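One structure below.
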There are 2 protein chains.
Amino acid sequence: MARTESNVDRLYDALRRMATDFSFKPDARINESALATQLNASRTPIREALNRLVAEGFLTFQSGRGFFCRSLSPELVMDLYEARVAVEVESVRLAARRGDERDIAILMQELEDIAPDYTSEADTEALLAMDERFHTQLCALAGNAELARMLANLNDRIRYLRLIDLRRLQAIGPHGQTMVSAHQRILDAIARRDADGAMSEMRAHIERRREGATQAVRDAYAQLYVPEH
Amino acid sequence: MARTESNVDRLYDALRRMATDFSFKPDARINESALATQLNASRTPIREALNRLVAEGFLTFQSGRGFFCRSLSPELVMDLYEARVAVEVESVRLAARRGDERDIAILMQELEDIAPDYTSEADTEALLAMDERFHTQLCALAGNAELARMLANLNDRIRYLRLIDLRRLQAIGPHGQTMVSAHQRILDAIARRDADGAMSEMRAHIERRREGATQAVRDAYAQLYVPEH
DNA sequence: TGATGCAAAGCTGTATACAGATATGAACGC
DNA sequence: GCGTTCATATCTGTATACAGCTTTGCATCA
């Protein structure tokens, strides 16, 4: 039988999920005792998980006052997307230079297979997951664990923004095809070992979404401050 | 009177210092009780600090077995330096595009002022601090807190390698001037708003040190496994 | 001699208690 | 009505205790 996930991991996962989807409202103080009761644990392991989340940028901490949900300013969104550019542009450069031929082929096949799902655009969350998965796999082609780790962190922190952004896109009109072809252009450049091409495609792709995301953060504020969601 | 630093901050700083300069030996298990006695605290705040260090990549954690000092493989060094390239190359790009004219001038002046100290190369640790400071300030020109944060983390994690690398450089011959002029070329490119020039100078500058650092890690192993240092 | 199993020691995971700091709200004065 | 002060309640910071898991070292056996 598989090893049961340890309790602190369970707490960490739960808390990170709460932080990423803003079950905590921005800037709100986090009550440790309440969390402990809610998650059926004592304060000690809860605080350990919270400390990790602070280090990862999901929460902030003020000595003597406790833990707080991070705020979400347009400036932070800008910073996070620029950081994504830094990580992902270099990743595709490395991928174009040394990505495994077979892995690239697999990724291209996979992209083609799920293209219909992109364009059908039934479920925004599924679309988000596909988008994120593609970027993660692309980064994996570079074979650099640190870049992968940085991207994973950034993805977690902007997930909610991406969701709101995608919802906006879908409301405007069908955009699944646009996303698929952007992804395909990046991957094609990598396949033909065109590092510069891949880099500029990736940069353009992310920057295109940056403005959408800064707009999304304003929408997000509206959606965040409802009683419960 | 200034607010006294909280105890957990003190512990965190102490532990991070121990992790960065490898007072813990790579892959060694960390005994919480011993640390608690040594640092005059109980295990609870120690564990909170350790959890943060795990999230920051200084330590690893295995459920049920505890905390371990990270290992230092040539692959990890490679990854960290490539991540530095990602962060710093994009930073100088942004700095060239939007860095404040006045800040750039200040940095140029400062670089000129301390050039003699670089070349005298008396103290390797001082040289290291100057190098790190320059890169940090350069990154600050980009005005992106996330990139700055990522770089700060990377700097902490490679500090020891940089030290060993610099020692090797100094042993071979005088290299302070080489470093100064590399820094000056990057800054000059930024000053004339030449983003591409700044990017390729920065890339070359970091990659030049990458091989030195992977060699340094082998030397580091030799220096790490002496009884105490 | 080398492998295996077992018992003891040590360490981690977490609940709990309590001291001290911080936030809250009521009472009071302006 | 509005700000101030103080008492109260709440929450954080950390020590400590203890259960359960891991490791270690010894003894046994092939």
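Below, read A as the first sequence line, B as the second, and so on, with proteins coming before strands; counting in each chain starts at 1. All of these numbers come straight from a predicted model, not from anything done at the bench.
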Under 4.0 angstrom, heavy atoms only, what part of the nucleic acid is [X] near: base, sugar-phosphate, or nothing?
X       : result
A:Ile30 : sugar-phosphate
B:Phe61 : sugar-phosphate
A:Arg29 : sugar-phosphate

Looking only at side-chain N and O atoms, does A:Asn153 offer a donor or acceptor that is under 3.5 Å from a partner on A:Glu56? no
Does a donor on one side chain and an acceptor on the other come within less than 3.5 Å for B:Arg84 and B:Asn155? no
Distance check needed: [N] [atom2] versus [X] [atom1], whole Å only.
X       : N      : atom1 : atom2 : result
A:Gln62 : D:dG13 : CD    : C1'   : 15 Å
A:Leu11 : C:dG13 : CG    : C1'   : 11 Å
A:Asn51 : D:dT12 : CG    : C1'   : 12 Å
A:Arg43 : C:dT14 : CZ    : P     : 15 Å
A:Arg47 : C:dA17 : CZ    : C1'   : 15 Å
A:Asn40 : C:dT14 : CG    : P     : 13 Å
A:Phe68 : C:dT22 : CZ    : C1'   : 11 Å
B:Glu48 : D:dG13 : CD    : P     : 8 Å

N or O in side chain of B:Asn31 less than 4.0 angstrom from C:dG10 OP1/OP2: no
Contact under 4.0 Å: B:Arg65 side-chain N or O vs D:dT23 OP1/OP2: yes
CA sep, side-chain torsions, deciding dist, call: A:Ser33, A:Arg43, side-chain contact (heavy atoms from CB on, under 4.5 Å): CA-CA 6 Å; A:Ser33 309; A:Arg43 282 176 53 223; 3.7 Å; yes
Nearest nucleotide by nearest heavy atom, which residue falls closer to the 5' end of DNA chain C, B:Gly66 or A:Pro45? B:Gly66
Electrostatic pair B:Glu146-A:Arg157, nearest N-O below 4.0 angstrom: yes
Kindly indicate whether the side chain of B:Thr44 and the base of D:dT16 share any N or O donor-acceptor pair separated by less than 3.5 Å? yes
Tell me, please, whether B:Tyr12 has B:Arg17 positioned over its six-membered ring: NZ or CZ under 6.0 Å from the ring centre and within 45 degrees of its axis? no
